[in-house]
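See below for the structure under consideration.
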Amino acid sequence: MTPEDQEETQPLLGPPGGSAPLSRRVFLAAFAAALGPLTFGFALGYSSPAIPSLRRAAAQALRLDDAAASWFGAIVTLGAAAGGVLGGWLVDRAGRKLSLLLCTLPFVVGFAVITAAQNVWMLLGGRLLTGVACGIASLVAPVYISEIAYPAVRGLLGSCVQLMVVTGILLAYLAGWVLEWRWLAVLGCVPASFMLLLMCYMPETPRFLLTQHKRQEAMAAMQFLWGSEQTWEEPPVGAEHQGFRLAQLRLPSIYKPFIIGVSLMAFQQLSGINAVMFYAETIFEEAKFKESSLASVIVGIIQVLFTAMAALIMDKAGRRLLLTLSGVIMVFSTSAFGAYFKLTQGGPSNSSHVDLSTPISMEPTSASVGLAWLAVGSMCLFIAGFAVGWGPIPWLLMSEIFPLHVKGLATGVCVLTNWFMAFLVTKEFSSIMEVLRPYGAFWLASAFCIFSVLFTLSCVPETKGKTLEQITAHFEGR
């Protein structure tokens, strides 16, 4: 075991005798950091109401055709992949707090460029900048929150990252009903600006300060966050962390969490969430909803409600139980989706090509509506299941399982994996549908959900109630 590993298995921060903190300012600090994910969610949801508005833009230079609209939605994921790498570098060198402050700049500048856009290239440039900010925020916010939270509430506060993301998406959908695309971009600057102001008054995480040998600042941060530094034990920290070296990949405390973190991010994107969201509005149309545009809002409300429920029970139920339950629900719902498409699209044809613009149903109207209600139920069940486990927990575990001296690099690779997979699935979704037909695509997603359940049961440790140092010790087999 290296000196760094020995240091990190000591309880850097922990209440003696299980005593509770005297101050609740840790919740204020978590809220300030979570405004980054709120803006990140708003940026993701922005394209849904903005694209129809831009397709009808009076200025020809701003009007989006099909190809430009596709890139307007997808370029955020490329920016976020780059932002994840940048965030992994920043979080170890600039610190957690400064990294959060810096990510507000591309958010505000990106939305400002969209607001002032005179052509499609400015629109895409603004979206790329907001994507970079999304990548940084999606990495740094979970790390900051996990390091300031004490074990009894770390699941609750860590899950609030995903809760704020889905809340931001829902806010973008709702605001899109009353605001046109320029004013919607102006609104996107508000939470980022508010975050900049609040984070100026929040401390750096005590764990990061201790690794920088700043004991007095760490004690002041604990006083601010938890109310009294005397109620907390802080053993001396030895030599400064030297960062990641390739030889460390042989250590169980490095390669085990690395495999788990990357796998969780890949399974999250392979679960079928993008396919379900792609078909949401079409399914509501088939069920004869008068306002099929309500589909995105209904989906957003379900995500917010069930993510909030997951946050409330996370520290009681545990991560493994919720991940397993979530995966089982998604297996059944994606299987039902596949059955729906199999029944409505009839038997095999001579061509493997699927025209996604044609109506899904080929049955009589009454049967079509009945089957569509099956699809609506399956969709709502899938989204609820995803929100309870596979939505928030991969991000939470990513912030918990890595030792301090490799956290920046390791979380950067996890975020890069997530956003790259999101881009790949989004861009190749139509090709998958053509090759496998819709029912085959959803049954493939069901198979990935089965693998995710098996992976959870065999590889993912339970982290509820443990300090970050105890989690590191678990991977070392002690």
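Just so it is clear, the values below take in all heavy atoms, side chains as well, and ignore hydrogens, waters and symmetry mates.
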Q: Not counting sequence neighbours, which residues clear side-chain hydrogen bond (donor to acceptor under 3.5 Å, both in side chains) with Trp419? List them please.
A: Ser138

Q) Do Ile145 and Phe31 come within less than 4.5 Å of each other through their side chains, counting heavy atoms only? A) no

Q.
With heavy-atom distances below 4.5 Å as the criterion, would you say the side chains of Val140 and Leu90 are in contact?
A. no

Q.
Just checking Phe455: does its CZ atom have more than 12 heavy atoms from other residues, nucleotides or ligands closer to it than 6.0 angstrom?
A. yes

Q. So which pairs with a foot in residues 295-315 pass salt bridge (Lys or Arg N to Asp or Glu O under 4.0 Å), sequence neighbours left out?
A. Asp315-Arg319

Q: Quick one: list whatever passes side chain to side chain contact (heavy atoms under 4.5 Å, CB included) with Ile471, sequence neighbours left out.
A: Arg154, Glu400, Ile401, Thr463, Lys466, Leu468, Phe475

Q.
Any heavy-atom pair between the side chains of Ile393 and Val460 that's under 4.5 Å?
A. no

Q. Are Ile273 and Trp390 close enough that some pair of their side-chain heavy atoms sits under 4.5 Å apart?
A. no

Q. Can you check whether Lys407 reaches Glu147 side chain to side chain, under 4.5 Å on heavy atoms?
A. yes

Q) Can you name the closest pair of heavy atoms from Gly110 and Leu129 and give their distance? A) CA-CB, 3.8 Å

**Q.** Partners passing side-chain hydrogen bond (donor to acceptor under 3.5 Å, both in side chains) against Arg127 (at least two apart in sequence or in another chain)
**A.** none

Expected list for residues 193-202: side-chain donor-acceptor pairs under 3.5 angstrom, two or more places apart:
unit_1, atom_1, unit_2, atom_2, d
Ser193, OG, Cys189, O, 2.8

Q: With sequence neighbours left out, write down each residue that passes side chain to side chain contact (heavy atoms under 4.5 Å, CB included) with Asp92, or none if nothing qualifies.
A: Arg96

Q) Within a strict 4.5 Å, meaning less than it, do heavy atoms of the Ser399 and Thr411 side chains meet? A) no

Q. Going by the salt bridge (Lys or Arg N to Asp or Glu O under 4.0 Å) test, which pairs reach into residues 166-192, not counting sequence neighbours?
A. none

Q.
Using 0.5 Å steps for rounding, measure from the CG atom of Leu187 to the CZ atom of Phe42.
A. 4.0 Å

(Q) Do Leu184 and Ile114 make a side-chain contact, defined as non-hydrogen atoms from C-beta onward lying under 4.5 Å apart? (A) no

**Q.** Leu105: partners by side chain to side chain contact (heavy atoms under 4.5 Å, CB included), with sequence neighbours left out
**A.** Leu102

(Q) Return the SG to CD distance between Cys414 and Gln268, rounded to the nearest 0.5 Å. (A) 11.0 Å

In residues 328-336, what donor-acceptor pairs under 3.5 Å come from side-chain atoms, sequence neighbours left out?
unit_1, atom_1, unit_2, atom_2, d
Ser333, OG, Ile329, O, 3.0
Ser333, OG, Met330, O, 3.2
Thr334, OG1, Met330, O, 2.6
Thr334, OG1, Val331, O, 3.2
Ser335, OG, Val331, O, 2.8
Ser335, OG, Ser446, OG, 2.9

Side-chain donor-acceptor pairs under 3.5 Å in residues 160-175, sequence neighbours left out?
unit_1, atom_1, unit_2, atom_2, d
Thr167, OG1, Leu163, O, 2.7

(Q) Under the criterion side-chain contact (heavy atoms from CB on, under 4.5 Å), I'd like the reasoning laid out for Ile383 against Phe306: C-alpha separation, chi angles, the key distance, then a yes or no. (A) CA-CA 9 Å; Ile383 292 166; Phe306 281 89; over 6 Å; no

Q. By side chain to side chain contact (heavy atoms under 4.5 Å, CB included), which residues pair with Leu78, not counting sequence neighbours?
A. Trp71, Phe423

Q: Quick one: list whatever passes ring pair (Phe, Tyr, Trp, His ring centres under 6.0 Å) with Trp443, sequence neighbours left out.
A: Tyr439

Q: Please round to the nearest 0.5 Å and tell me the distance separating atom CZ of Phe40 and atom CZ of Phe107.
A: 8.0 Å

Q | Phe337 and Phe442 aromatic ring geometry - parallel, tilted or perpendicular at 30°/60° bounds | A | parallel

**Q.** Student check: side-chain heavy atoms of Phe208 and Val143 closer than 4.5 Å
**A.** no

Q. What's the shortest heavy-atom distance between Tyr144 and Ala33, and which atoms?
A. CD2-CB, 3.6 Å

